[in-house]
Amino acid sequence: MPAPQHRLRFAPSPTGYLHVGGARTALFNWLFVKKFGGQFLLRIEDTDKARSTDESTRAIYDGLGWLGLQWDGEVVYQGGNLERHRADALRLLDNGTAYRCFCTQAELAERRAAAEATNEAFKYDRRCDRLDSAEIAQRLAADMPFVVRFRVPEGSTQWVDLVHDEIAFPNKDIEDFIVLRTDGTPIYNLAVVSDDIAMAITLVMRGDDHISNTPKQILLYRALGRALPQFAHLPMIHGLDGKKLSKRHGATAVGDYQHLGILPGAMLNFLALLGWSPGNDVEVMTMDQMIELFDPAGLQKKAAIFDPKKLEWMNGQYLNLTPADELFARVAPAMEAAGLATPTELDARREWFVALLDLLKVRARTIDDVIRQATPYFRGVIEYDPDAEAKQWKDRPATAELLVHVRDSLAALDRWEPAAMEEALRALAERLGFGEKAGKLFQPLRVALTGLAASPGIFDVLVMLGRDRSLSRLDAAVAHLRITV
RNA sequence: GGCGGUAUCGUCUAGGGGACUAGGACACGGCCCUCUCAAGGCUGGAACACGGGUUCGAAUCCCGUUACCGCUACCA
């Protein structure tokens, strides 16, 4: 009772970075395989030599690696299959489903322009298909360059799409497309079909910008005498303005989000919700749940708009849900990049740092937020945020005096622990006539300790800073308040 | 222009003839909690593109219109 062996592939062209749209396509392919069994293959479509770069290929590996979307088996480089592509094109010529076309690009461009001028739809007029064999032989003998064109048959081409149900194209609207260039290299549609056949792909799941390629590819499968795979066309991802996601929408590469401090799990979860819903109001899922719940029937037909705000929210959820100890590995490199501490230094006081992470992660949405908030705990001298000073240190002489009292109360403590601190400080607030409003004490203290108006609970801050540093920061704040009038 | 696709709150979506005075989430506002900021809880405003059918009954089915998107290369 072997499960049907699904074979899916993600086939990006290495001409830019791994886009969030591409990442989502990869994710759905991956989810399908994890859910229903089979193989998730990776094919780099590098036949456009002019635009393909090694750097882009690296970006694809890095992006997929960061997201944890591991593919099965060896990577296939389309450029390595040129001979087979050519052989398939020649097979088409042999079995009469394609013909040689001697029209030059210049001629074609001219005719296209002429058609556009009269507002007509341009379609290749098949003139080279009407050449008789003697003429063809003569041109061949004269070494005239030619392309191989596929002869689109009569009728209509349709398929049952996994997300769109039935889609049909009248063949009369499809022109006799080129499959092999004059230099003998294959055109996209041929290369894809040749490779998908060779890789025994059973389900082609890709962006719906490929819908109009699909009838051509189906025609190619038939002409090559091969069984069709299934097709699933995923909706596009658009920017906030409803247009196709592009550079001017800001961060669109997966790597951008990695560097912005987004967790891969959050990215995946967010992407999964763009164009798919598990139903039942489920949103935040573990990877296992996502696999368990994945169902192509829940795939959306409509393009989705990428909302960075919701991604951040999702990331906040993940930050909150991830144990601080696990976060360590992701935060440590960012700490080093920010110049706050090296991973070695952090490791030396791992327990302390994990405790700090526990306090910070709940109020952060990105790793960058965590780093920002962690800063006061790593600097010898802190900066006072002007807004915080303005708000909490209004009356500077009085604040200085207040902080001296606070310092004395804290310095008098036997043990440096929250309960004792709270008791002492609340008693002090009482003595100073603040009554229940101990916040009047805590807030100026917070600024003295962190330089900021917002932080974790004040006793947690005191504990994380430790006795000596807390007291010296109070001294520094008092000095600062007295000097700068 | 031609062909194809799509159409539920600002955004992501639930919904697959009656359960819909249309549910959840993000964002926005209010309240609670509270030493601040978050988190959390409660709460408010906010949508079935339009027009025809089909039906006892349409967000759900059909047709048309409109809008938007994609393709229209010897790019992928």
Side-chain angles (χ1 to χ4, degrees), chain A residues 11-15 45-48 50-52 78 101 103-105 108-109 112 115-116 118-123 145-149 161 164 167-170 172-175 177-183 185-189 191-192 207-215 233 235-236 238 240 242-244 270 273-284 297-298 300-307 309-314 316-317 320 360-365 369 373 388 391-392 422 425-426 429 437-443 445-447 450 452-459:
Chain A
S13 52
T15 54
E45 310 220 317
D46 55 352
T47 52
D48 185 345
R51 294 198 304 150
S52 299
Q78 191 160 57
C101 171
C103 298
T104 65
Q105 292 191 62
L108 258 14
R112 204 184 325 267
E116 268 168 30
T118 58
N119 226 332
E120 283 171 65
F122 176 76
K123 217 178 103 182
F146 64 87
V147 297
V148 176
R149 273 191 196 272
D161 196 274
H164 294 273
I167 300 181
F169 283 77
K172 65 170 174 56
D173 293 324
I174 307 172
E175 80 168 345
F177 55 95
I178 296 172
V179 292
L180 205 66
R181 300 186 180 92
T182 46
D183 67 358
T185 58
I187 286 291
Y188 172 74
N189 282 310
V192 167
D208 68 14
D209 48 342
H210 283 290
I211 285 183
S212 41
N213 282 320
T214 304
H233 288 94
M236 300 276 89
H238 289 164
L240 255 10
K243 306 276 188 230
K244 191 172 162 179
F270 172 73
L273 260 21
L274 248 37
W276 175 68
S277 165
N280 297 115
D281 300 332
V282 175
E283 296 218 295
V284 180
Q300 194 83 16
K301 298 181 175 78
K302 184 182 67 163
I305 288 173
F306 189 95
D307 181 4
K309 281 274 184 45
K310 187 150 186 179
L311 204 214
E312 280 202 6
W313 167 79
M314 182 67 79
Q317 296 291 308
N320 215 166
L360 301 185
K361 66 174 191 155
V362 65
R363 56 205 97 220
R365 292 206 143 189
D369 285 344
Q373 293 177 30
K391 190 168 180 212
Q392 304 301 344
E422 180 154 14
L425 258 25
R426 287 200 188 272
K437 301 241 193 289
K440 298 204 171 189
L441 221 61
F442 298 159
Q443 288 298 79
L445 172 58
R446 185 184 320 278
V447 178
T450 65
L452 305 171
S455 82
I458 200 69
F459 309 115

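Below, read A as the first sequence line, B as the second, and so on, with proteins coming before strands; counting in each chain starts at 1.
Taking only side-chain nitrogens and oxygens, A/Arg51 never comes nearer than 4.0 Å to OP1 or OP2 of B/A73. Close to B/U6, at under 4.0 Å from its OP1 or OP2, lies a side-chain N or O of A/His164. One finds a side-chain N or O of A/Lys302 lying less than 4.0 angstrom from the OP1 or OP2 phosphate oxygen of B/U8. Within the structure, every side-chain polar atom (N or O) of A/Ser212 is placed at least 4.0 Å from both OP1 and OP2 of B/G5.
At a cut-off of 3.5 angstrom, counting only N and O atoms as typed in the model, there is a donor on one side and an acceptor on the other between the side-chain of A/Thr182 and the base of B/C74. You'll find a donor-acceptor pair under 3.5 Å spanning the side chain of A/Lys310 and the base of B/A25, going by distance alone. Between the side chain of A/Asp281 and the base of B/G23, a donor-acceptor pair under 3.5 Å is found.
Proximity of a side-chain donor or acceptor of A/Lys123 to a complementary backbone N or O of A/Lys172 within less than 3.5 Å is detected. A/Ser13 places no side-chain N or O within 3.5 Å of a backbone atom of A/Thr15 that could act as its donor or acceptor partner. For A/Asn320 (side chain) and A/Gly316 (main-chain N/O), no donor-acceptor pair under 3.5 Å exists by modelled atom type.
A/Arg181 and A/Thr185 share a side-chain donor-acceptor pair at under 3.5 Å.
Closest contact between the side chain of A/Glu283 and the listed nucleotides B/C12, B/U36, B/A25 involves B/A25. In the set B/C74, B/U36, B/G70, B/U36 carries the atom at the smallest distance from any side-chain atom of A/Ser455. Checked against B/G5, B/C35, B/C75, the side chain of A/Phe442 finds its nearest nucleotide in B/C35.
Legend: residues meeting side chain to side chain contact (heavy atoms under 4.5 Å, CB included) with A/Thr47, ordered by chain and number and at least two apart, are A/Gln78, A/Leu82.
The nucleotide B/C74 finds no pairing partner, because no Watson-Crick or G-U wobble arrangement with both distances shorter than 3.5 Å includes it. Figure legend. B/U54 is base-paired to no nucleotide; pairs are counted as Watson-Crick or G-U wobble with both atom distances under 3.5 Å.
Ring centers of A/Tyr188 and A/Phe177: at least 6.0 Å apart, outside the cut-off.
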Protein-nucleotides 39-48 of chain B N/O pairs closer than 3.5 Å?
from: B/G40; atom 1: OP1; to: A/Gln317; atom 2: NE2; distance (Å): 3.4

